[in-house]
Trainee: 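Following this message is one structure expressed as structure tokens.
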Amino acid sequence: MKAITTHESRAAVDARVEALLAQMTLAEKIGQMAQIEKNSVTPEQVRDHAVGSVLSGGGGNPSPNTPADWARMVRDFQEAALQSRLGIPIWYGTDAVHGHNNVRGATIFPHNIGLGAARDADLVRRIAQVTAREMLATHANWAFAPEVSVPQDIRWGRTFEGFSEDTALVSELGVAVIEGLQQAAAPDQRVLASVKHFVADGGTTWGTTRSYDWIPGWWQSADPQRWRIDQGDSRIDEATLRAVHLPPYAAAIAAGARNIMVSYSSWNGLKLHAHRYLLTDVLKGEMGFDGFLVSDWLAAQQLDADLETGMVTAINAGLDMIMVPFRLTEFITAVTRAVSDSRIALSRIDDAVTRILRVKVEFGLFERPFGDETLLATVGCDEHRQIAREAVRKSLVLLKGEPPVLPLARTASRLLIAGAGADNMGRQCGGWTIEWQGKEGDITPGTTLLQAVQQTASASTEVLYDADGAFADDVQAESALVVLSEVPYAEGEGDRQHLALPPEDVALVQRMRARCDRLIVVLYSGRPLVVDSILDQCDALVAAWLPGTEAAGITDVLFGDYPFHGMLPYAWPRGESAQA
Ligand code: BGC
Ligand code: BGC
């Protein structure tokens with residue numbers, strides 16, 4: 001299947017790029033190689049320096065955070081880029097990893113772990129199409145997705161961003177995302193996918209995360225459990241790297257991937273951002289990738305305390321665009337000096353810029369630099385939310401429970417609900433939602449599980465909710481529902497050595513056990529947790545992953561309108577010792 005329907009032949013694309021490159025000054029070329037965070041650059045600087053891309057990091061939102069304000073923000077940058085001397089449009093990038101998830105009001109889909117459980121490539125393609133449409137409503141044209149990590153250690157805080165520990169499943173669903181983003185219904189409904197993070201980001205060893213004291217405010221935690229495996233070192237041989245972690249990239253390239261994001265992690269001690277063999281020899285050479293490579297956030301700066309040396313190392317290793325993301329003028333100065341000192345060959349700069357421009361031409365960015373604000377009406381619309389609800393429904397995995405425990409009866413006289421996750425949109429959505437780390441509480445419109453139950457149960461059912469299960473002493477019911485949930489996290493903040501349920505959760509389950517005949521536990525988590533402490537206490541246990549805004553997909557199954565469908569995307573550990 002041809003993933004990019006270019007209106008021009010390869011020869012015509014090349015000729016256009018070559019003609020453009022011939023007109024460019026060195027400064028304009030270096031500008032194209034820069035990707036700057038939106039609060040660290042003005043539209044005027046984008047115009048004056050011919051900046052190649054602007055991004056929103058996690059939580060990089062306008063204020064107020066509405067779809068219309070997003071559209072205005074991105075439009076301002078794009079208009080400025082078009083006023084640059086050569087009028088080269090920008091890519092506007094954002095981490096749309098489960099819907100257009102920074103935007104308040106967007107449809108939030110289950111994180112990839114749930115889609116790995118659903119195992120439905122057509123569904124994933126439709127989700128990516130919706131994501132593309134909601135992005136283009138705001139003029140954003142580059143999604144930092146799909147993540148095709150193959151996580152091998154569930155203590156990793158990014159486990160939920162990977163579809164599965166199984167390479168073949170990751171490849172299949174990664175391709176579906178690329179197809180959905182890049183070949184959505186109409187030609188102007190297409191965004192660039194970024195396949196990440198190359199390579200073996202999911203293969204790192206616990207305890208190998210480094211720190212970088214020359215980067216001010218480098219995220220680190222006083223908590224010794226955090227930042228322990230994320231961005232670490234993959235200590236595996238080349239055969240394992242090629243068998244477990246590389247295939248999703250081959251599949252992505254075959255499906256038309258034109259951008260790949262390089263991983264913070266190292267392979268046997270050498271940072272991927274410095275890895276000429278893997279980036280240039282393997283990916284661009286052997287695998288024939290002729291799109292462009294983008295760095296991760298500050299990752300080129302991790303290579304050396306000297307900014308120029310970091311940029312030289314990364315660009316010579318094969319990076320084409322640098323997610324700087326803060327220091328635009330210092331980046332320009334450093335790379336300019338490196339070229340004049342012959343630390344970077346001009347031919348390497350020309351190759352990088354050729355690759356960046358090639359993809360801009362292929363995607364028709366010069367003809368259609370803007371998205372389509374008439375799509376604003378569709379952001380978070382019912383049709384999109386129905387697809388999210390379908391995804392939630394299909395992602396649920398029944399870990400324990402036989403009829404007659406489930407389904408729940410619509411007509412029960414009373415239903416007890418407990419657990420802070422039951423009415424907490426933030427926990428339901430997890431990290432990478434509105435904020436980088438996600439957030440507790442009412443962060444964006446949607447339906448919580450409590451609301452979904454209230455909408456589903458009959459009018460005569462008394463639905464009682466208390467987060468702590470602190471009901472009056474005599475309150476009993478035939479069935480009770482407890483929602484256990486992780487507090488949201490992203491990246492190394494979510495690294496955890498111990499995955500057992502916290503004692504408060506175990507106590508809550510015990511308290512609720514005493515109040516009902518049938519106890520159903522729903523678990524919101526970004527990875528399997530060790531549930532041995534409650535397994536005997538509950539009659540049914542459902543893994544709901546990080547479902548996103550549409551919890552009615554859960555009641556669809558709990559009340560028996562649909563069967564359980566999901567299968568485990570990761571092995572579920574029994575006991576802490578079984579972990580990694
Ligand atoms: C940004 C994220 C970024 C992270 C670096 C945060 O401050 O908001 O987008 O991924 O830093 O890991
Ligand atoms: C993450 C990437 C993300 C980038 C921009 C980094 O910290 O590793 O996955 O795309 O930030 O937010």
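When a ligand or atom number is given, it counts from 1 through the structure's own listing order. Predicted, not measured: the structure shown is a model, and the values here were computed from it.
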Trainee: Does any N or O atom in W297 lie less than 3.5 angstrom from one in ligand 2, N or O only?
Mentor: no
Trainee: Heavy-atom contacts under 4.0 Å between E147 and ligand 2: side chain, backbone, both, or neither?
Mentor: neither
Trainee: Only one of E134, H100, E550 passes side-chain hydrogen bond (donor to acceptor under 3.5 Å, both in side chains) with T107; say which it is.
Mentor: E134
Trainee: With respect to R158, determine whether any N or O atom, backbone or side chain, lies less than 3.5 Å from an N or O atom of ligand 2.
Mentor: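 Yes; at least one N/O pair falls below 3.5 Å.
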Trainee: Can you name the atoms of ligand 2, numbered from 1 with element, that are less than 4.0 Å from a heavy atom of E491?
Mentor: 1 (C), 6 (C), 7 (O), 8 (O)
Trainee: When you compare ligand 2 with S56, is there at least one nitrogen or oxygen pair between them that comes in under 3.5 angstrom?
Mentor: no
Trainee: Taking only heavy atoms of H197 into account, list the atoms of ligand 2 that are under 4.0 Å away from them.
Mentor: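 Those of ligand 2 that fall under 4.0 Å from H197 are 2 (C), 8 (O), 9 (O).
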Trainee: Below a 4.0 angstrom heavy-atom separation, can you tell me which part of Q35, side chain or backbone, both or neither, approaches ligand 2?
Mentor: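 No part of Q35 is near ligand 2 at this cut-off.
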Trainee: Enumerate the atoms of ligand 2 whose separation from the nearest heavy atom of D296 is less than 4.0 angstrom.
Mentor: 1 (C), 2 (C), 3 (C), 4 (C), 6 (C), 7 (O), 8 (O), 11 (O)
Trainee: Using 0.5 Å steps for rounding, measure from the CG atom of D230 to the OG atom of S263.
Mentor: 8.5 Å
Trainee: Closer than 4.0 angstrom, basic N to acidic O: yes or no for K196 and D95?
Mentor: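 D95 and K196: salt-bridged.
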Trainee: Using a 4.0 Å heavy-atom cut-off, which part of W436 comes near ligand 2: side chain, backbone, both, or neither?
Mentor: neither
Trainee: Indicate whether the side chain of E238 and that of W267 have a donor and an acceptor atom separated by less than 3.5 Å.
Mentor: no
Trainee: Heavy-atom contacts with F144 under 4.0 Å: which atoms of ligand 2 show up? List them by number with element.
Mentor: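 Heavy-atom distances to F144 below 4.0 Å select 10 (O).
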Trainee: For the NZ atom on K284, are there more than 12 heavy atoms of other groups (residues, nucleotides or ligands in this structure) within a distance under 6.0 Å?
Mentor: yes
Trainee: Within a distance under 4.0 Å of any heavy atom of G57, pick out the atoms of ligand 2 and give their elements.
Mentor: 12 (O)
Trainee: Identify whether NZ of Lys or CZ of Arg in R368 sits under 6.0 Å from the centre of the six-membered ring of F363 and within 45° of that ring's axis.
Mentor: no
Trainee: Give me the one residue out of Y489, W432, W545 that meets ring-ring contact (aromatic ring centres under 6.0 Å, His included) with F160.
Mentor: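 Exactly one option meets the ring-ring contact (aromatic ring centres under 6.0 Å, His included) with F160, and it is Y489.
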Trainee: Which one of W91, F77, F370 satisfies the ring-ring contact (aromatic ring centres under 6.0 Å, His included) criterion with H139?
Mentor: F370
Trainee: Output the list of atoms in ligand 2 that are nearer than 4.0 Å to some heavy atom of K196, sorted by atom number.
Mentor: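 Atoms satisfying the 4.0 Å criterion: 2 (C), 3 (C), 9 (O), 10 (O).
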